[in-house]
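All residue numbers in this chain count up from 1 along the given sequence.
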Amino acid sequence: MNIHTKDGVNYTYLLRCADGSLYCGWTNDLEARLRAHNAGKGAKYTRSRRPVTLAYYETYETKEEAMRREWKVKHMSRDEKLELIAAGVEKTAGMDIYAADRKQTE
């Protein structure tokens, strides 16, 4: 996996589960969190839906920003979440957004 995990960065992310469902969470270490989900030590929701793959993530400077975004994404419809993933890679106002299903160009 080639995720550019940075110190002091917080992430809101979407996982694609083995059953096709999507899971949203936040973390300050994206690679470690993905490993934890796939080891069955992540969220209860993902334990029975492994393996999971990273579909999308956004970066934030603070934990609070990442948690607020997680709350908003969790309240989106499945179609809205799929639109986020399909949007691809873009950069906006100090926030990096990545669709992990697509090839990174950095």
Side-chain angles (χ1 to χ4, degrees):
M1 174 185 344
N2 190 11
I3 302 168
H4 303 289
T5 301
K6 305 172 205 169
D7 288 335
V9 175
N10 297 276
Y11 302 86
T12 301
Y13 62 91
L14 279 169
L15 300 178
R16 190 177 309 277
C17 300
D19 66 359
S21 64
L22 299 172
Y23 172 81
C24 181
W26 83 272
T27 185
N28 60 8
D29 188 336
L30 195 52
E31 289 185 9
R33 189 65 177 149
L34 185 58
R35 282 193 303 272
H37 280 293
N38 277 314
K41 297 179 181 183
K44 184 177 179 182
Y45 182 85
T46 60
R47 285 183 202 147
S48 63
R49 293 170 170 84
R50 294 179 289 156
V52 298
T53 57
L54 182 64
Y56 178 84
Y57 66 95
E58 301 174 355
T59 62
Y60 294 91
E61 290 184 14
T62 68
K63 167 185 166 179
E64 292 76 17
E65 290 172 310
M67 291 174 77
R68 275 193 297 275
R69 180 60 170 160
E70 175 196 22
W71 187 89
K72 288 180 182 178
V73 173
K74 282 188 173 187
H75 288 85
M76 290 179 176
S77 68
R78 177 178 173 78
D79 286 343
E80 290 171 322
K81 292 173 189 173
L82 291 172
E83 286 177 21
L84 281 180
I85 296 167
V89 179
E90 61 180 89
K91 303 230 183 213
T92 59
M95 177 178 62
D96 293 340
I97 301 173
Y98 299 95
D101 286 350
R102 294 182 170 216
K103 185 177 179 180
Q104 301 285 322
T105 57
E106 293 187 24

query = What heavy-atom pair brings Tyr13 and Trp26 nearest, and what distance separates the two atoms?
reply = CE2-N, 3.4 Å
task = Heavy atoms only: give me the nearest Asn38-Pro51 pair and the separation to one decimal.
result = OD1-CA, 3.2 Å
ask   = Which atoms form the tightest heavy-atom contact between Tyr11 and Thr59, and what is the distance?
value = CE2-CG2, 3.4 Å
Arg69 vs Glu65, side chain to side chain contact (heavy atoms under 4.5 Å, CB included): CA-CA, chis, key distance, verdict = CA-CA 6 Å; Arg69 180 60 170 160; Glu65 290 172 310; over 6 Å; no
query = Just how far is it from atom CG of Leu54 to atom NE2 of His37, taken to the nearest 0.5 Å?
reply = 9.5 Å
ask   = For the side chain of Arg50 and the backbone of Arg47, is there at least one donor-acceptor N/O pair under 3.5 Å apart?
value = yes
message = Please check if the number of heavy atoms outside Lys63 that lie under 6.0 Å from its NZ is greater than 12.
response = no
query = Would Leu34 and Leu30 satisfy side chain to side chain contact (heavy atoms under 4.5 Å, CB included), going step by step from the backbone distance to the final call?
reply = CA-CA 6 Å; Leu34 185 58; Leu30 195 52; 5.9 Å; no
task = Nearest 0.5 Å please: distance from the CZ atom of Arg68 over to the NZ atom of Lys72.
result = 7.5 Å
ask   = Is the backbone of Ala66 close enough, under 3.5 Å, to the side chain of Thr12 for a donor and an acceptor to pair up by distance?
value = yes
query = Atom CE in Met76, atom CG in Leu84: separation rounded to 0.5 Å?
reply = 4.5 Å
query = Cut-off 3.5 Å, side chains only: do Ser77 and Asp79 have a donor facing an acceptor?
reply = no
key: Test log, rule side chain to side chain contact (heavy atoms under 4.5 Å, CB included), inputs Asn10 and Glu61   = CA-CA 6 Å; Asn10 297 276; Glu61 290 184 14; over 6 Å; no
query = What pair of heavy atoms forms the shortest contact from Val52 to Leu15, and how long is it?
reply = CG2-CD1, 3.8 Å
task = Might you point out which heavy atoms bring Tyr45 and Leu22 nearest each other, and give the distance in Å?
result = CE2-O, 4.2 Å
query = Is Lys74 salt-bridged to Glu70, going by a charged N under 4.0 Å from an acidic O?
reply = yes
key: Closest heavy-atom pair and its distance - Ser21, Arg49   = OG-CD, 3.6 Å
